[in-house]
Colleague: 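The following block contains the structure, expressed as structure tokens.
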Number of protein chains: 2
Amino acid sequence: MTEPSTPLDQQLWDFVYGYDAAYDRAAQTAGLSAAQACLLDRLTAGTSSMGELATALLCDASNVTQLVARLEARGLVTREPDAADRRVKRVSITPAGRHEHRAVRQAFDLPAEMLDRLSAEEQQQLSRLLAKMRAPSTS
Amino acid sequence: MTEPSTPLDQQLWDFVYGYDAAYDRAAQTAGLSAAQACLLDRLTAGTSSMGELATALLCDASNVTQLVARLEARGLVTREPDAADRRVKRVSITPAGRHEHRAVRQAFDLPAEMLDRLSAEEQQQLSRLLAKMRAPSTS
DNA sequence: TATTGTTATACTCTATAACTATA
DNA sequence: TATAGTTATAGAGTATAACAATA
């Protein structure tokens, strides 16, 4: 595809741009960066090792060390050696961390606002289109 | 909306996450950060003042000064005082800058890949849904 | 010897506050 | 006095390379 830029391309760009900006603002209302909020979000499903976080966040392990260190200093996460393999650190979210995470969730109202503009049928349509775009070419 | 997270919410998140990551990678192939690539993209439509760039990029003017300084040092943009109002600086993209910008465009193949999985009719559907989500509530 | 995580370092992004030049 | 942009500074995100601890 060598075409410079179709209107639909631009629509996608604008959508992502707005979504990102809204998430940044939401995180800031809780005094968090977007990266910190993402990390907390990951931990709401359960504990992770540092390496698992690095994989999930698509970044280097040394970066996770710093992110976790800052969150730990604020009491939002804990970091404890794994009993089975003491090289591994288990990172968990604290009650205070869950509180901040909830604040971000509440402040991040853009997706809800957007989806409220669609009927139930349109939401199903959108879901189908997103799934199809996401599918591997050979599906 | 106090519901924790619907599947469609998650689909939107994943879509944006993948789009962002792909853009970062595309910019990196040209040795640029995402912010630098965005700035170059803005300039392809014509020159901008520093203030216009700050507005477009949703960031502080002092940030634009640094972004432009780095791009200028690499010969990708020029910065010249406006003839009419010498407080204003006009920033322009150079041929070398256009070359790097094209490289990013080519490397950023995710949108094209995704849209190729949709029929023309589905693309129209998607365009309509995006427009509707974007519209102000009173439209 | 291989793996997990940390430390040291460096660069970029970003904002705030103080400043310069121009209007 | 008000505006456009810069400079100084500081904190955060990010990666690479070297390292320590554990397996």
Side-chain angles (χ1 to χ4, degrees), chain A residues 17 20-21 23-25 27-42 47-74 76-92 100 104, chain B residues 17 20-21 23-43 47-74 76-92 100 104:
Chain A
Y17 203 72
D20 277 343
Y23 191 71
D24 277 351
R25 283 195 302 273
Q28 277 179 27
T29 64
L32 296 170
S33 68
Q36 290 173 332
C38 281
L39 199 156
L40 285 187
D41 190 63
R42 270 279 149 183
T47 73
S48 293
S49 69
M50 302 294 284
E52 286 164 354
L53 287 173
T55 301
L57 301 179
L58 304 178
C59 72
D60 191 81
S62 65
N63 190 20
V64 175
T65 297
Q66 300 211 71
L67 288 171
V68 168
R70 290 190 195 106
L71 292 171
E72 193 182 30
R74 286 172 56 180
L76 305 183
V77 304
T78 59
R79 186 171 29 172
E80 292 174 0
D82 186 296
D85 181 344
R86 279 179 7 220
R87 291 174 305 179
V88 174
K89 301 282 179 65
R90 303 303 309 177
V91 186
S92 311
E100 297 301 318
V104 176
Chain B
Y17 203 71
D20 277 343
Y23 191 70
D24 277 350
R25 284 195 302 275
Q28 276 179 28
T29 64
L32 297 170
S33 68
Q36 289 172 334
C38 281
L39 198 157
L40 284 187
D41 191 63
R42 268 281 148 183
L43 293 178
T47 72
S48 292
S49 70
M50 302 294 285
E52 285 164 353
L53 286 173
T55 300
L57 302 179
L58 304 177
C59 73
D60 191 81
S62 65
N63 190 20
V64 175
T65 297
Q66 300 211 69
L67 288 170
V68 168
R70 291 188 195 106
L71 292 171
E72 192 181 33
R74 288 172 55 179
L76 305 183
V77 305
T78 60
R79 185 169 29 170
E80 293 174 0
D82 187 297
D85 181 344
R86 280 177 6 216
R87 292 175 305 180
V88 174
K89 300 283 179 66
R90 303 304 307 179
V91 186
S92 312
E100 297 301 317
V104 176

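In what follows, chains carry the letters A, B, and so on, assigned in the order in which the sequence lines appear, proteins first and then strands, with residues in each chain numbered from 1.
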Colleague: Tell me, please, which residues at least two apart from A:Arg70 pass side-chain hydrogen bond (donor to acceptor under 3.5 Å, both in side chains).
Modeller: none
Colleague: Find the distance between OH (A:Tyr17) and CG (B:Asp20) and round it off to the nearest 0.5 Å.
Modeller: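 Result: 11.5 Å between the selected atoms.
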Colleague: With A:Arg86, which residues qualify under salt bridge (Lys or Arg N to Asp or Glu O under 4.0 Å), at least two apart?
Modeller: none
Colleague: Check every atom of D:dG5, C:dT12, C:dT4 against the side chain of B:Ser33 and return the nucleotide holding the closest atom.
Modeller: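 Closest nucleotide to the B:Ser33 side chain: C:dT12.
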Colleague: State which residues pass salt bridge (Lys or Arg N to Asp or Glu O under 4.0 Å) with A:Arg90; sequence neighbours excluded, sorted by chain then number.
Modeller: A:Glu52
Colleague: Do nucleotides 14-23 of chain D as a string where each nucleotide becomes B, S or -: B if the base has a protein heavy atom under 4.0 Å, S if just the sugar-phosphate does, - if no protein is that close.
Modeller: BBB----BBS
Colleague: With sequence neighbours excluded, tell me which residues meet salt bridge (Lys or Arg N to Asp or Glu O under 4.0 Å) with A:Asp85.
Modeller: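 With neighbours one apart ignored, the set is A:Arg87.
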Colleague: Starting from C1' on D:dG13, measure out to CG on A:Leu39 and report it in whole angstrom.
Modeller: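 So the CG-C1' distance, A:Leu39 to D:dG13, works out to 12 Å.
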Colleague: Mind grabbing the angle between the end helix axes of the helix from C:dT1-D:dA23 to C:dA23-D:dT1? Five pairs an end, 10° rounding.
Modeller: 10°
Colleague: Considering only heavy atoms, which members of residues 49-57 of chain B lie under 4.0 Å from some atom of DNA chain C?
Modeller: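 Heavy-atom contacts with DNA chain C come from no residue of residues 49-57 of chain B; none.
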Colleague: Sorted by first residue and then second, give each salt bridge (charged side-chain N to carboxylate O under 4.0 Å, His left out) pair with at least one member in residues 55-69 of chain B; sequence neighbours left out.
Modeller: none
Colleague: List for me each residue that meets side-chain contact (heavy atoms from CB on, under 4.5 Å) alongside B:Ser92, sequence neighbours excluded, and say none if there are none.
Modeller: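 With neighbours one apart ignored, the set is B:Thr47, B:Thr78.
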Colleague: Holding to side-chain contact (heavy atoms from CB on, under 4.5 Å), I want the full list of residues that pass it with B:Ala69, two or more places apart in sequence or in another chain.
Modeller: B:Arg79
Colleague: Looking across every strand, which nucleic acid part, if any, lies under 4.0 Å from A:Arg79 by heavy atom: base, sugar-phosphate, or nothing?
Modeller: sugar-phosphate
Colleague: Could you tell me the separation between the NZ atom of B:Lys89 and the P atom of D:dT3, rounded to a whole number of Å?
Modeller: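 Result: 19 Å.
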Colleague: Can I get a per-line list of side-chain donor-acceptor pairs under 3.5 Å for residues 30-42 of chain A, giving both atom names and the distance, sequence neighbours left out?
Modeller:
from	atom 1	to	atom 2	distance (Å)
A:Ser33	OG	A:Gln36	N	3.1
A:Gln36	OE1	A:Ser33	N	3.0
A:Asp41	OD1	A:His101	NE2	2.7

Colleague: Mind checking salt bridge (Lys or Arg N to Asp or Glu O under 4.0 Å) for B:Glu80 and listing every partner two or more places apart, or none if nothing turns up?
Modeller: none
